[in-house]
Amino acid sequence: MKKTIAVIKGDGIGPEIVSEAVAVLAKIAAKFGHDFTFDERLVGGAAYDATGDCLPDETLAACKGADAVLLGAVGGPKWDALPGPKRPEKRALLTLRKELGLFANLRPAKVWPTLRDASPLKAQVVDDGIDLLVVRELTGGVYFGEHLRSADGQSALDKMPYSVPEIERIARVAFAAARTRRNRVTSVDKANVLETSRLWRETVQRIRNAEYPDVALDFMYVDNAAMQLVRAPSHFDVILTENMFGDILSDEASQVTGSIGMLPSASLRGDGFGMYEPIHGSAPDIAGKGVANPLATILSAAMMLRHSFGLEAEAGAIERAVASTLESGVLTPDLGGTAATHDVGVAVASRV
Ligand code: IPM
Ligand code: MG
């Protein structure tokens, strides 16, 4: 298979972790006889320093022309003083998502057997099972509504728009994912207060009844969902939710598993194209030290093989190599080990 992957290292620990994921993908290509071209592009603070724009036109064009995008992390204190629309988070990340049409964000969170003690929850709660998938709507809601400040600067307004088609398409992604897992969707909203949530609830229920009657569906208010995630996480299989609630709950879910350094993500369009990134950020405090955990990025590369290229065996090979690396005790400091980023990358690549 011949594929072009746009590679965005980004800021902070981004370059260190992405290099390891690219090496693992190169190993996969060699072993399974694929031809992957890695097209490295600037995004984020790194792009701002080089060009004055966190998302240069040629980067966006290269991403649109690629078969998939692999991204490290963007942003850091150096660029925090930029005005809102120019900041890496808004200009680079949110614009990429919108321009590439990546409306479906998949964030799986599970406890790896060898990392069971990493979870801050009681052993009993962990042993009940933590293996869930957050399906977050990614191009709508309050992050993409109008952001307004009054002329006198004393009041502000952020709009939170959602339309039926936007809710329908993300609901279908969640129900389809549930069918490949434990067949249950929990749709999270704030329907006791928000009109967008009432529209969300009606639409999700209708799609379930009409198209996925075999999938179990329940609804939960977001405040309760935040509580249940730490009280009884085994309740959840697929969590379907809107953009901001998904942002918040996916961070919470990552901590429940014990280590944010392990969680990959896929941001998908309807046709299989996607952007893949770890859910952690650029971690400026440890950048350049060679100690960042590359596994979330490596697992994101596995998601790319599965979701964008349909290479299930290759994706599985990476995931098994990660499990075996964890068992072997080659761990970065966030997991209690002393290995360097590169050691972990080499350990995974050599097990592929
Ligand atoms: C994430 C991040 C981003 C988001 C920020 C950096 C804009 O928190 O991917 O979860 O809110 O989507
Ligand atoms: Mg977030």
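In listed order, ligands and their atoms are each counted from 1.
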Check ion pair Asp247-Arg136 (N to O, under 4.0 angstrom)
yes
Separation of Leu25 CG from Leu70 CG (nearest 0.5 Å)
6.5 Å
Check for me whether His280 has a heavy atom closer than 4.0 Å to any atom of ligand 1.
no
Per the side chain to side chain contact (heavy atoms under 4.5 Å, CB included) rule, which among Leu249, Val256, Thr186 passes with Phe236?
Thr186
Does Lys90 reach ligand 1, in the sense of a heavy atom lying below 4.0 Å from it?
no
Stepwise side chain to side chain donor-acceptor pair (under 3.5 Å) check, Asn293 with His280
CA-CA 10 Å; Asn293 184 349; His280 60 69; over 6 Å; no
Please write down residue, atom name and distance for the protein heavy atom closest to atom 12 (O) of ligand 1.
Arg97 NH1, 2.6 Å
Is it the case that the side chain of Glu16 and the backbone of Gly288 share a donor-acceptor pair, with hydrogens and angles ignored and the cut-off at 3.5 Å?
yes
Is the shortest distance from a Lys or Arg side-chain nitrogen in Lys2 or Asp67 to a carboxylate oxygen in the other one below 4.0 Å?
no
Do any pairs count as a ring pair (Phe, Tyr, Trp, His ring centres under 6.0 Å) and have a residue in residues 180-201, sequence neighbours left out, and if so which ones?
Tyr162-Trp200
Which heavy atom of the protein is the closest neighbour of atom 11 (O) of ligand 1, given with residue, atom name and distance?
Asp247 OD2, 3.0 Å
Per-residue contact class, Met244 against ligand 1 - non-hydrogen pairs under 4.0 Å:
neither
Salt bridge or not between Arg116 and Asp127? Use side-chain N to carboxylate O under 4.0 Å.
yes
Residue, atom and distance of the protein heavy atom nearest atom 1 (C) of ligand 1 read Arg107 NH2, 3.3 Å
Result, protein N, O or S atoms below 2.8 Å from the Mg ion (ligand 2), excl. waters, equals 1
Quick one: does Arg87 get a heavy atom under 4.0 Å from ligand 1?
no
Counting only nitrogen or oxygen atoms and a 3.5 angstrom limit, does Glu89 reach ligand 1?
no
Between Arg306 and Glu319, is there a side-chain N and carboxylate O pair less than 4.0 Å apart?
yes
Using a 4.0 Å cut-off to any heavy atom of Tyr143, which atoms of ligand 1 qualify?
11 (O)
Looking at CG of Leu55 and CG of Asp57, how far apart are the two atoms once the value is rounded to the nearest 0.5 Å?
7.5 Å
Determine whether Val111 and Leu335 fall in the same hydrophobic cluster, where Ile, Leu, Val, Met, Phe, Trp and Tyr are linked whenever their side-chain heavy atoms lie under 4.5 Å apart.
no
For the 3.5 Å polar cut-off, considering only N or O atoms, please tell me whether Glu277 and ligand 1 meet it.
no
